[in-house]
**Student:** 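Got a structure here, written out as structure tokens. Questions coming.
Please read all numbers here as calculations on a predicted model, not as lab measurements. All heavy atoms count here, side chains included; hydrogens, waters and symmetry mates do not.
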Amino acid sequence: MQRIGVFVCHCGTNIAATVDVKAVAEALGHEPGVVISQDYQYMCSESGQNLVKDAIKEHNLSGIVVCSCSPRMHENTFRKAAAAAGLNPYLVEIANIREQCSWIHREIATATEKAIVLGKAAVAKVHLNAPLTAGESPVVKRALVIGGGIAGIQTALDIAEAGFDVDIVEKEPTIGGKMAQIDKTFPTLDCAACILTPKMVEAAQNEKIHIHSYSEVADVKGFVGNFTVTIRKKARFVDETKCTGCGLCTEKCPMKKVPNEFNLGLDNRTAVYIPFAQAVPKVAAIDPNYCLMLKNGKCGICSKVCSVGAIDYKQQDRLIEEKYGAIVVATGFNPIKLDRYDEFAYNTCPDVVTSLELERLMNAAGPNGGTLLRPSDKTHPHKIVFVQCVGSRCDDSKGKSYCSKICCMYTAKHAMLIREKYPDTEVYVFYIDVRAPGKNFDEFYRRAVEQYNVHYIKGMVGKVTPLSSGKIDVQASDLLSNEQLHIDADMVVLAAAIEPDKSARPLATMLTTQMDTNDFFTEAHPKLRPVESATAGIFLSGACQGPKDIPETVAQASAAAAKAIGLLCKNSITCNPCVAHSDELMCNGCSACEKVCPYGAITYQDKEFRMPDKTTAVRRVASVNPAVCQGCGACTVACPSGAMDLNGFSNSQIMAEVDAICK
């Protein structure tokens, strides 16, 4: 006979303000098998846990139900309390009467009635609960970092510092990411390359770090502590082990009018190229879309001038398979495309540029050698207009509804640098409002206004029109003076919104992690687990989770590394015993469960069965690997014969809950 204890939490006023907790405790006390039912203000507190422990011992409880917040918050807390009192932790059931009840209702009577129903469902399930024993799985002492920007580099360095091997997979020919394209950083105005390139070199020289540049993740299988990842190393047609980075091939290549991606198409490069001077690894790559030898078999000059024989026109993509204990996602961001913003004349006027393009125009390694010149005629601009929030904080059909966070600060930085180097240049900034919440950010913005005399105008730019004179007419509104303005500018700079890298969505599918509607990776909990994904063993670093500046990115990178190190330090991890299993007598071998399993935990095998007439028959049946299964339950839904079931969430338990709700 079952002896069940019920404990109802007030959660301060989170639950008690909407739910009559005493009435819930009293009602559940009359359910079959319940021998004790009581309420307490904070069940998750030490006193509340002791209340549970004492009740288990005093009443010899065979199962407990805690009516409180989401099991994601405190299920593990109460399982540990039960285990400490000698009760199997998987005989604990949580009835979520906070998120699913008190927080979504306003009427006490309605919320109380629903809380009682949720409690009854949990009691019905506990009647059918069985003790489960968690197994263990070994942890591979190696980490994978996907993305080689500043977030990925910092994460890899921290993990390597702890003594673990770590691989960086970067889709570009070099690590460095967006920070490598930036000229100066706010709020200190120090050189971005001067603080980034030492980190890049440190990563390359660290014997624990292995850089797979010009590579992508092709497939991910497995589970926390034991991921199997397939990496596609794209053919760069240059042998990395031989190339010395001398650059002679880039000098002699006759195909010299290839748009330079690193400078955002503002100048040209050759078909064989090294992205920038401080590239890591400093190895050339051949662009197959422009190389004459690869396209039509004519040329081969780079091969002839390469003294070490590094050029290999027959090189093919190759796949590498490696095992990892932890994976850190650091896929970064990109500015949005401005094709739909015709009102700003971005596609028709070369002197309308994005903020990142301005970074390259002002950079000493950029197309103009650090001199700010108009792209159209290479003359010095005397009047520049900055337009804030282009694609940010707007209608979803037009752009992004969220704030891109970094635009206000980098615009202030650009304005200050221009005014400092070119005092004869007037700078106007049109803004909705200035957001500068970081350390010393507001002081930095006020320096731009007070010390550098940048004209900040609260208002929106309605239209940008190129004029035959070479000027650009900027039509805008000044909301404070309620005036319509026309400014004849030489250049217009658009602070474009940022969005996750395009690789994020397919990668999330491979990793079985969650994303929000904007394709940013979703953390397990925004406050308590900000660098972990909901999928165990997958951690988040940098702007893949949301817009961030460099200091915040580096801080989160180290936090993600710390979480990964905590996992890698373990020799084994406790497996979830709530895994699927197959009733071989009912299984018809249809493979439906195998096809829907996202973890590859289900295989099929031929098994002999003894028939009633004492003959044997061989049937194909499903077999579940409990070390790989994560208990998602997809197979139990897909199985047409009902052979697949889930420990702790069996079909009979689920139906018992449904019956209790429907009474």
**Student:** Does a donor on one side chain and an acceptor on the other come within less than 3.5 Å for T270 and K256?
**Tutor:** no

**Student:** Using the rule side-chain hydrogen bond (donor to acceptor under 3.5 Å, both in side chains), only one of K458, Q388, R393 pairs with D433; which is it?
**Tutor:**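 Answer to the side-chain hydrogen bond (donor to acceptor under 3.5 Å, both in side chains) test with D433 among K458, Q388, R393: R393.
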
**Student:** For the rings on F227 and Y324, is their centre-to-centre separation under 6.0 Å?
**Tutor:**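 Ring centres of Y324 and F227 not closer than 6.0 Å.
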
**Student:** Checking K171 now: which residues fulfil salt bridge (charged side-chain N to carboxylate O under 4.0 Å, His left out) with it, not counting sequence neighbours?
**Tutor:**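 With neighbours one apart ignored, the set is D501.
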
**Student:** Are side-chain N/O atoms of D158 and Q154 paired as donor and acceptor at under 3.5 Å?
**Tutor:**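 Per modelled atom types, D158 and Q154 side chains form a pair under 3.5 Å.
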
**Student:** Could you walk me through whether E261 and R269 pass the side chain to side chain contact (heavy atoms under 4.5 Å, CB included) check?
**Tutor:** CA-CA 9 Å; E261 301 93 342; R269 59 165 173 82; 2.7 Å; yes

**Student:** How about CD on E443, more than 12 heavy atoms from neighbouring residues, nucleotides or ligands closer than 6.0 Å, or not?
**Tutor:**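 Correct, the count exceeds 12.
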
**Student:** Once salt bridge (charged side-chain N to carboxylate O under 4.0 Å, His left out) is applied, do any residues pair with R446, and if so which ones, sequence neighbours excluded?
**Tutor:** D442

**Student:** Does anything in residues 327-377 pair up under ring pair (Phe, Tyr, Trp, His ring centres under 6.0 Å), and if so which pairs, sequence neighbours excluded?
**Tutor:** none

**Student:** Output yes when a side-chain donor or acceptor of K184 lies under 3.5 Å from a complementary backbone atom of A192, and no otherwise.
**Tutor:** no

**Student:** Give a yes or no on whether the backbone of E357 and the side-chain of T354 come within a donor-acceptor separation of less than 3.5 Å.
**Tutor:**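 Pair found, side chain donor or acceptor close to backbone of E357.
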
**Student:** Is the shortest heavy-atom distance from the side chain of D287 to the side chain of V258 under 4.5 Å?
**Tutor:**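 Side chain of D287 against side chain of V258, heavy atoms only: contact under 4.5 Å found.
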
**Student:** Are the side chain of E216 and the backbone of A218 linked by a donor-acceptor contact shorter than 3.5 Å?
**Tutor:** no

**Student:** T411 side chain to C408 main-chain N or O, any donor-acceptor pair under 3.5 Å?
**Tutor:** no

**Student:** What do the steps show when you test T230 against V217 for side chain to side chain contact (heavy atoms under 4.5 Å, CB included), and what is the final call?
**Tutor:** CA-CA 6 Å; T230 303; V217 174; over 6 Å; no

**Student:** Go through V229 and I231 one step at a time and tell me if the side chain to side chain contact (heavy atoms under 4.5 Å, CB included) criterion holds.
**Tutor:** CA-CA 6 Å; V229 180; I231 300 169; 4.1 Å; yes

**Student:** Please test D167 against H212 for side chain to side chain contact (heavy atoms under 4.5 Å, CB included), starting from the C-alpha separation and ending with a verdict.
**Tutor:** CA-CA 7 Å; D167 293 356; H212 298 289; 3.7 Å; yes

**Student:** Among all residues two or more places apart in sequence or in another chain, which pass the salt bridge (charged side-chain N to carboxylate O under 4.0 Å, His left out) test with R318?
**Tutor:** none

**Student:** Side chains of Q545 and E523: any donor to acceptor distance under 3.5 Å?
**Tutor:** yes

**Student:** Hey, is NZ on K502 packed in by over 12 heavy atoms from elsewhere, all under 6.0 Å?
**Tutor:** no

**Student:** Output, in order, the C-alpha distance, side-chain angles, deciding distance and verdict of ring pair (Phe, Tyr, Trp, His ring centres under 6.0 Å) for Y445 and Y456.
**Tutor:** CA-CA 10 Å; Y445 149 67; Y456 271 78; 5.1 Å; yes

**Student:** I want to know whether F386 and Y431 have ring centres closer than 6.0 Å.
**Tutor:**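 For F386 and Y431, the ring centres are not under 6.0 Å apart.
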
**Student:** Could you tell me whether D490 and K383 make a salt bridge, using a distance below 4.0 angstrom between a side-chain N and a carboxylate O?
**Tutor:**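 Looking at K383 together with D490, the answer is no, because their closest N to O distance does not fall below 4.0 Å.
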
**Student:** Ring centres under 6.0 Å, that's the criterion: do F520 and Y402 meet it?
**Tutor:** yes

**Student:** Run the numbers on T228 and K221 for side chain to side chain donor-acceptor pair (under 3.5 Å), then give the verdict.
**Tutor:** CA-CA 5 Å; T228 301; K221 294 180 180 177; over 6 Å; no

**Student:** Just by modelled atom types, is the P381 backbone N or O under 3.5 Å from a matching donor or acceptor in the T425 side chain?
**Tutor:** yes

**Student:** May I ask you to decide if the ring planes of F444 and F186 are parallel, tilted or perpendicular, using 30° and 60° as cut-offs?
**Tutor:** tilted

**Student:** Under the side chain to side chain donor-acceptor pair (under 3.5 Å) criterion, do E532 and H525 qualify, and how do the steps go?
**Tutor:** CA-CA 8 Å; E532 302 172 64; H525 192 282; over 6 Å; no

**Student:** Do K178 and N334 pair up side chain to side chain, a donor and an acceptor below 3.5 Å, judged on atom types alone?
**Tutor:** yes

**Student:** Is K398 atom NZ crowded by more than 12 heavy atoms from other residues, nucleotides or ligands, each under 6.0 Å away?
**Tutor:**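 Atom NZ in K398 is packed in, count exceeds 12.
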
**Student:** Under a 3.5 Å cutoff, is there a donor and acceptor pairing between the side chains of S404 and S392?
**Tutor:**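 Checked: S404/S392 side chains pair up, N/O donor to acceptor below 3.5 Å.
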
**Student:** Are K405 and E552 within salt-bridge range, i.e. N to O under 4.0 Å?
**Tutor:** yes

**Student:** Anything under 30° is parallel, anything over 60° is perpendicular, the rest tilted; go ahead and classify Y422 against H380.
**Tutor:**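 Because their plane-to-plane angle lies in the 30° to 60° range, the rings of Y422 and H380 count as tilted.
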
**Student:** Can D516 and T522 be counted as having a side-chain donor-acceptor contact under 3.5 angstrom?
**Tutor:** no

**Student:** Going by salt bridge (charged side-chain N to carboxylate O under 4.0 Å, His left out), name the residues that satisfy it together with R419, two or more places apart in sequence or in a different chain.
**Tutor:**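 By the salt bridge (charged side-chain N to carboxylate O under 4.0 Å, His left out) rule, R419 matches no residue at all.
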
**Student:** Is the closest basic N to carboxylate O distance between D317 and K233 below 4.0 Å?
**Tutor:**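 Judged by the 4.0 Å cut-off on N to carboxylate O distance, D317 and K233 do not form a salt bridge.
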
**Student:** Are there over 12 heavy-atom neighbours, none belonging to K548, within less than 6.0 Å of that residue's NZ?
**Tutor:**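 Yes, enclosed.
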
**Student:** Go through the structure and list residues passing side-chain contact (heavy atoms from CB on, under 4.5 Å) with Y214, not counting sequence neighbours.
**Tutor:**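 Per chain and number, Y214 pairs via side-chain contact (heavy atoms from CB on, under 4.5 Å) with P173, K234, R236.
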
